[in-house]
Amino acid sequence: MSTVFALVDCNNFYASCEKLFRPDLKYKPVAVLSNNDGCIVARSKEVKALGIKMGVPVFKIRDEIEKYGIVCFSSNYALYADLSNRVMTLLEEEAPRVEVYSIDEAFMDLSGIETAIDYEAFARRVKHKIDTWTGIAVGIGIAPTKTLAKLANYAAKKYTATGGVVDLMEAERQRKLMALVEVGDVWGVGRRISEKLRALGIHTALDLADSDPKSLRSEFSVVLERTIRELNGVSCLELESVAPTKKQIVCSRSFGNRITDKAELREAIAKYTTRAAEKLRGEKRLARVVQVFIRTGVFNPNDPRYSNSLSVELPNPTDDTRDLLEATDVLFRRIFKAGFRYAKAGVMLSDFYEHGTFQADLFRSNAQRDNAKHLMEVVDRINHSGLGNVFFAAQGTTPQWSMKRDHLSPAYTTRWEDLPRVR
DNA sequence: TCTGGGGTCCTAGGACCC
DNA sequence: TCTGGGGTCCTAGGACCC
């Protein structure tokens with residue numbers, strides 16, 4: 001039986017999470033800010049209605065924030081992840097095959113579910129259940145391909161008369177909707193490609209659906225060809241209910257303030273390395289390639305710019321924080337140059353191996369550090385237990401470089417150590 | 001003064017080999 | 001003047017997503 005895709009997407013997710021615990025803000029404009037309180041990354045519908053765009057730097061809209069009384073929150077990922085898990089768990093109770101696509105959306109396969117003979121009625125019931133159990137409003141789009149399900153979801157949110165659910169299984173309805181949707185709003189068509197498409201006279205989703213996939217493939221890529229086929233009801237993208245293992249782990253941050261001091265930057269690198277190593281162990285993988293990058297700001301034309309990165313292939317893949325710290329420190333010392341105001345740094349891990357699958361070089365020492373596995377397990381367990389925090393000396397204890405989070409909401413649903421500390 | 005973070009996939013082009 | 005033809009592997013960069 002072919003897959004029936006339902007895309008469930010939480011409305012204004014981060015902003016909705018913040019409102020959940022602040023009923024006084026129910027009809028007020030609420031925005032969530034990026035790290036360092038730099039940009040707007042989520043907007044409640046009231047903020048959208050004010051015409052404030054996604055991604056604008058906060059300092060550019062100070063006047064509007066003041067004028068309209070927009071309530072701003074620093075991003076509180078512990079809270080959003082917790083609420084996300086609750087929503088996803090409910091979906092998994094309703095359908096055997098669910099792909100958690102991002103923190104606020106998931107694809108479900110509705111085919112063969114006894115309680116989902118009438119897809120639309122099923123979706124309305126699921127929507128109602130999520131709403132009553134978590135307080136989060138969702139939109140649901142149903143279609144024979146992922147790209148069409150995205151489109152159906154877009155319609156479910158845009159047209160309030162739909163009540164937040166759109167069934168787009170019929171070809172005729174698909175075409176009717178596509179005629180109304182700009183080509184840039186199709187999933188997989190970004191700013192660059194939509195510009196080029198418009199130059200070719202392709203303005204709506206329907207124009208794109210009626211284009212020749214082969215000739216657009218040669219002009220663009222196989223990705224766009226798949227999009228065209230998906231718009232015509234031919235499924236090219238499968239539901240992936242088991243999360244694929246990561247190929248890369250990145251830990252990077254912009255700093256609350258520019259950093260000029262080498263020791264401070266070094267501490268930041270150590271911190272990101274530690275975090276990346278934790279993620280790596282969470283994936284149950286060993287990494288062989290380690291990369292470090294540092295860079296100055298890119299927006300101030302008067303500041304001298306410097307940006308560099310360096311990677312190294314380790315003799316043996318590892319998940320030991322100490323090995324990784326050693327490697328990133330060497331890399332950092334090689335690329336650091338004094339005299340610049342650094343704005344961002346990061347650590348990347350790649351080239352992953354499963355435990356026990358790496359063929360070690362005969363002539364190199366294969367000695368994993370003694371007790372490495374056990375030690376790392378203990379460190380991770382303590383840090384996740386809520387009992388305390390174990391860390392490596394290189395991280396430093398009083399980071400000057402930590403993020404600005406001046407508008408953080410309390411950790412309503414999460415661990416007490418996530419609560420903002422009173423200083 | 002102040003502009004997020006973490007991913008994926010695809011392609012072109014260079015190095016290298018026979 | 002004319003300057004092979006495949007193949008593989010790797011990397012950097014572009015484009016997209018949330």
Side-chain angles (χ1 to χ4, degrees), chain A residues 7-14 31-43 53-63 65 72-77 80-81 84 99-107 146-147 150 153-154 183-197 217-227 236-237 240 243-258 272 275-276 279-280 282-283 289 291 293 295-303 307 309-311 313 341 343-352 403-406:
Chain A
L7 176 63
V8 181
D9 187 323
C10 301
N11 299 349
N12 319 317
F13 185 55
Y14 296 170
V32 177
L33 312 181
S34 64
N35 287 331
N36 295 314
D37 298 340
C39 303
I40 305 280
V41 293
R43 305 156 297 158
K53 298 274 179 260
M54 175 77 174
V56 289
V58 172
F59 72 88
K60 284 191 180 170
I61 55 162
R62 289 256 181 251
D63 292 349
I65 290 174
C72 292
F73 289 92
S74 302
S75 36
N76 184 346
Y77 288 101
Y80 313 147
S84 173
E99 173 185 342
V100 177
Y101 180 72
S102 73
I103 193 162
D104 71 338
E105 46 187 301
F107 289 100
K146 280 186 166 178
T147 306
K150 272 275 186 184
N153 188 281
Y154 170 89
V183 72
D185 290 328
V186 173
W187 191 42
V189 179
R191 196 173 47 87
R192 288 297 170 83
I193 289 177
S194 64
E195 270 170 29
K196 283 194 194 169
L197 287 174
R217 174 184 182 148
S218 59
E219 197 140 342
F220 296 87
S221 80
V222 65
V223 181
L224 192 64
E225 182 191 11
R226 282 201 281 259
T227 300
C236 304
L237 305 167
E240 293 172 31
T245 53
K246 283 196 173 59
K247 296 176 177 171
Q248 185 187 44
I249 287 171
V250 180
C251 269
S252 70
R253 289 284 180 284
S254 301
F255 306 125
N257 298 300
R258 298 284 186 261
Y272 306 152
R275 188 77 249 297
K279 286 193 202 172
L280 182 65
E283 291 281 311
V289 171
Q291 186 177 351
F293 72 86
R295 69 166 172 77
T296 57
V298 290
F299 294 102
N300 188 343
N302 301 321
D303 257 6
S307 164
S309 75
L310 195 61
S311 63
E313 186 169 305
R341 301 175 66 233
K344 185 172 180 173
V347 169
M348 271 182 251
L349 306 179
S350 55
D351 195 11
F352 295 158
M403 284 192 289
K404 233 181 266 171
R405 290 176 97 188
D406 291 342

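No hydrogens, no waters, no symmetry mates; every other heavy atom, side chains included, goes into these values. Quick note on labels: first sequence line is chain A, next is B, and so on, each numbered from 1.
Taking only side-chain nitrogens and oxygens, A:R226 comes nearer than 4.0 Å to OP1 or OP2 of B:dC10. One finds a side-chain N or O of A:S254 lying less than 4.0 angstrom from the OP1 or OP2 phosphate oxygen of B:dG5. Regarding contacts with the backbone of B:dG6, a side-chain N or O of A:S252 is found under 4.0 angstrom from either OP1 or OP2.
Here the nucleotide nearest the side chain of A:V41, chosen from B:dC9, B:dT8, B:dG4, is B:dG4. In the set B:dC2, B:dG6, B:dC10, the nucleotide with an atom closest to the side chain of A:V250 is B:dG6. Closest to the A:S221 side chain, of the nucleotides C:dC17, B:dC10, B:dG7, is B:dC10. The listed nucleotides are B:dG5, C:dC16, B:dG7; the one nearest the side chain of A:K246 is B:dG7. When each of B:dG5, B:dG4, C:dA15 is scored by its nearest atom to the side-chain atoms of A:K344, the top-ranked nucleotide is B:dG5. The listed nucleotides are B:dG5, C:dC18, B:dT3; the one nearest the side chain of A:F299 is B:dT3. Side-chain proximity of A:N35 to the nucleotides B:dC9, B:dT8, B:dG4 is greatest for B:dG4. Distance from the side chain of A:S102 is smallest for C:dC18 among the nucleotides B:dT3, B:dG6, C:dC18. Nearest to the side chain of A:W187, among C:dC17, B:dG4, B:dC2, sits C:dC17. The side chain of A:V223 lies closest to B:dC10 when the candidates are B:dG4, B:dC10, B:dT3.
Judged purely by atom type and a 3.5 angstrom limit, A:D104 has no side-chain atom pairing as donor or acceptor with the backbone of A:D9. Side chain of A:S75 to main chain of A:L33: a donor-acceptor pair is present (N/O by atom type, distance under 3.5 Å, no hydrogens or angles). Here the side chain of A:D37 pairs a donor or acceptor atom with the backbone of A:D406 at under 3.5 angstrom.
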Side chain to side chain contact (heavy atoms under 4.5 Å, CB included) between A:D303 and A:T296: does it pass, once the steps are laid out? CA-CA 8 Å; A:D303 257 6; A:T296 57; over 6 Å; no
Go through the steps to decide whether A:V183 and A:I193 satisfy the test side chain to side chain contact (heavy atoms under 4.5 Å, CB included), and finish with yes or no. CA-CA 9 Å; A:V183 72; A:I193 289 177; over 6 Å; no
Does the pair A:L7 and A:Y101 meet the rule for a side chain to side chain contact (heavy atoms under 4.5 Å, CB included), with working shown? CA-CA 9 Å; A:L7 176 63; A:Y101 180 72; 5.6 Å; no
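In this structure, A:Y77 atom OH and B:dG7 atom P are separated by 13 Å, rounded to whole Å. With rounding to whole Å, A:D37 atom CG is found 15 Å from B:dG5 atom C1'. Counting to the nearest Å, the C1' atom of C:dC16 and the NZ atom of A:K150 are 12 Å from each other. Put simply, CZ on A:F255 is 13 Å from P on B:dG4, counting in whole angstrom units. Look at CG on A:L33: it is 13 Å from P on B:dG5, rounded to the nearest Å. With rounding to whole Å, A:D406 atom CG is found 16 Å from B:dG4 atom C1'. The distance between atom CD1 of A:I193 and atom P of C:dC16, rounded to the nearest whole Å, is 4 Å. We find that CG of A:D351 is positioned 14 Å from C1' of C:dT11, with the value rounded to whole Å.
A residue-by-residue look at A:T245 and A:K60 shows that A:K60 has its nearest nucleotide of DNA chain B further toward the 5' end. For A:F59 and A:K247, each mapped to the nucleotide of DNA chain B holding its nearest heavy atom, the one lying further toward the 5' end belongs to A:F59.
Relative ring orientation between A:Y77 and A:Y14 is described as perpendicular, the plane-to-plane angle rising above 60° on a 0-90° scale split at 30° and 60°.
Here A:V189 lies in heavy-atom contact (under 4.0 Å) with sugar-phosphate atoms only. A:R258 comes within contact range of the sugar-phosphate backbone alone, with a heavy-atom separation under 4.0 Å but no base atom that close. The residue A:K279 sits close only to the backbone: its heavy atoms come under 4.0 Å of sugar-phosphate atoms, none of a base. A:V222 comes within 4.0 angstrom of the backbone, heavy atoms only, and of no base. Nucleic acid contact for A:R217: none, since no nucleic acid atom lies under 4.0 Å from a heavy atom of the residue. Counting non-hydrogen atoms under 4.0 angstrom, A:V32 reaches nothing in the nucleic acid.
A salt bridge links A:K150 to A:E105: at least one charged side-chain nitrogen sits closer than 4.0 Å to a carboxylate oxygen. With salt bridges taken as basic N to acidic carboxylate O contacts below 4.0 Å, one links A:R191 and A:E195.
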Expected output check: what is the dot-bracket annotation of DNA chain C, where ( ) and [ ] are pairs inside the strand (brackets for crossing ones), | is paired with another strand, and pairs are Watson-Crick or G-U under 3.5 Å? ....||||||||||||||
